[in-house]
Amino acid sequence: MKKNTGFDSTIERLARSTASKTSRRGFLGKLGARLAGVALLPLLPVDRRGRLNEAHAATVGGLTRQGFKPQDKDPKSCDYWRHCSIDGNLCDCCGGSLTSCPPGTELSPSSWVASCYNPGDGQNYLIAYRDCCGKQTCGRCNCVNTEGELPIYRPEFNNDIVWCFGADNDAMTYHCTISPIVGKAS
């Protein structure tokens with residue numbers, strides 16, 4: 001049998017000292033806290049100015065460098081006044097209307113909101129955008145408008161979220177978005 005060397009004794013002493021000062025529960029608690037911190041990292045504010053220019057370039061309708069220019073004639077157009085903060089397919093083009101989902105889809109229980117200016121009467125209205133879920137994406141009249149959008153940590157004002165998460169399990173697939181008026185904005 002070999003005798004312990006100075007190095008072995010030092011390592012053994014350090015290992016025993018560490019083991020006496022720490023516990024598995026403490027280690028797991030610290031590991032869990034770090035994992036939770038990493039999971040919350042995506043919720044931090046992000047500078048999305050570059051994405052805004054990209055969204056304006058991809059939008060079909062009246063978005064210009066000066067911003068959203070609403071019109072009140074064609075509800076199937078991305079620059080229709082109710083679509084000032086819509087991000088998705090217009091249900092008007094997919095078998096539904098401004099306020100009702102197409103047949104075979106289910107209205108999501110949650111929504112995001114925006115205040116949109118109606119050039120026809122000069123009033124601002126609160127619009128509650130709601131996704132229609134349960135069928136594959138419609139793919140027609142896709143609009144990406146970001147007027148009044150806020151970062152993801154304010155989800156009620158963020159249009160990048162697919163709001164079908166509150167629907168039945170069979171209806172988790174996004175199809176299109178409606179834009180009903182909730183009331184006048186002050």
Participant: Starting at OG1 of T137, measure out to OH of Y174 and round the result to the nearest 0.5 Å.
Facilitator: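 Atom-to-atom, T137:OG1 and Y174:OH are 7.0 Å apart.
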
Participant: Would you compute the distance between atom NZ of K73 and atom CG of D79 and round it to the nearest 0.5 angstrom?
Facilitator: 11.5 Å

Participant: Who else is in L14's hydrophobic cluster (ILVMFWY, side-chain heavy atoms under 4.5 Å, direct or via others)?
Facilitator: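 None, because no other hydrophobic side chain comes under 4.5 Å of this residue.
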
Participant: If you measure from CD1 on I127 to OG on S85, what distance do you get to the nearest 0.5 Å?
Facilitator: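 Answer for the CD1-OG pair, I127 versus S85, is 10.0 Å.
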
Participant: With heavy-atom distances below 4.5 Å as the criterion, would you say the side chains of L98 and L90 are in contact?
Facilitator: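 Sidechains of L90 and L98: no contact.
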
Participant: How far does OG of S115 sit from CD of Q123, to the nearest 0.5 angstrom?
Facilitator: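 Interatomic distance, S115 OG to Q123 CD, rounded to 0.5 Å: 10.5 Å.
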
Participant: Can you name the side-chain contact (heavy atoms from CB on, under 4.5 Å) partners of P102, sequence neighbours left out?
Facilitator: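 Per chain and number, P102 pairs via side-chain contact (heavy atoms from CB on, under 4.5 Å) with C91, C94, T105, C132, H175, C176.
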
Participant: Can you tell if the side chain of T18 reaches within under 4.5 Å of the side chain of R13, non-hydrogen atoms only?
Facilitator: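 Heavy-atom side-chain distance check fails, nothing below 4.5 Å.
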
Participant: Got P119 and W81 here, is their nearest side-chain heavy-atom distance under 4.5 Å?
Facilitator: yes

Participant: How many angstroms lie between atom SG of C78 and atom CD of Q71, to the nearest 0.5 angstrom?
Facilitator: 10.0 Å

Participant: Is there side-chain contact between R82 and P75, with heavy atoms separated by less than 4.5 Å?
Facilitator: no

Participant: State the SG-NZ distance between C141 and K76, to the nearest 0.5 angstrom.
Facilitator: 7.0 Å

Participant: Is a side-chain N or O of R140 found less than 3.5 angstrom from the main chain of C93, in a donor-acceptor match?
Facilitator: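 Here the side-chain-to-backbone pair exists.
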
Participant: Just by distance, do the side chain of S108 and the backbone of D131 share a donor-acceptor pair under 3.5 Å?
Facilitator: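 Yes, because the side chain of S108 sits within donor-acceptor range (under 3.5 Å) of the backbone of D131.
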
Participant: Looking just at side-chain N and O atoms, do Y125 and D121 make a donor-acceptor pair shorter than 3.5 Å?
Facilitator: yes

Participant: Between S77 (side chain only) and Y80 (backbone N and O only), is there a donor and an acceptor less than 3.5 Å apart?
Facilitator: no

Participant: Check whether any side-chain heavy atom of Q136 lies under 4.5 Å from a side-chain heavy atom of T173, and answer yes or no.
Facilitator: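 Q136 vs T173: side chains touch.
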
Participant: Apply side-chain hydrogen bond (donor to acceptor under 3.5 Å, both in side chains) to S20 and S17, showing your working.
Facilitator: CA-CA 5 Å; S20 69; S17 173; 4.8 Å; no

Participant: Which atom pair, heavy atoms only, marks the closest approach of L107 to C101?
Facilitator: CD1-SG, 3.6 Å

Participant: Mind checking what makes salt bridge (charged side-chain N to carboxylate O under 4.0 Å, His left out) contact with R34, not counting sequence neighbours?
Facilitator: none

Participant: Mind checking whether Y129 and W112 have parallel, tilted or perpendicular rings, split at 30° and 60°?
Facilitator: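 Y129 and W112: parallel rings.
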
Participant: Can you tell me if S100 uses its side chain to pair, donor with acceptor, with the backbone of G96 under 3.5 Å?
Facilitator: no

Participant: Do L126 and V113 touch side chain to side chain, with heavy atoms closer than 4.5 Å?
Facilitator: yes

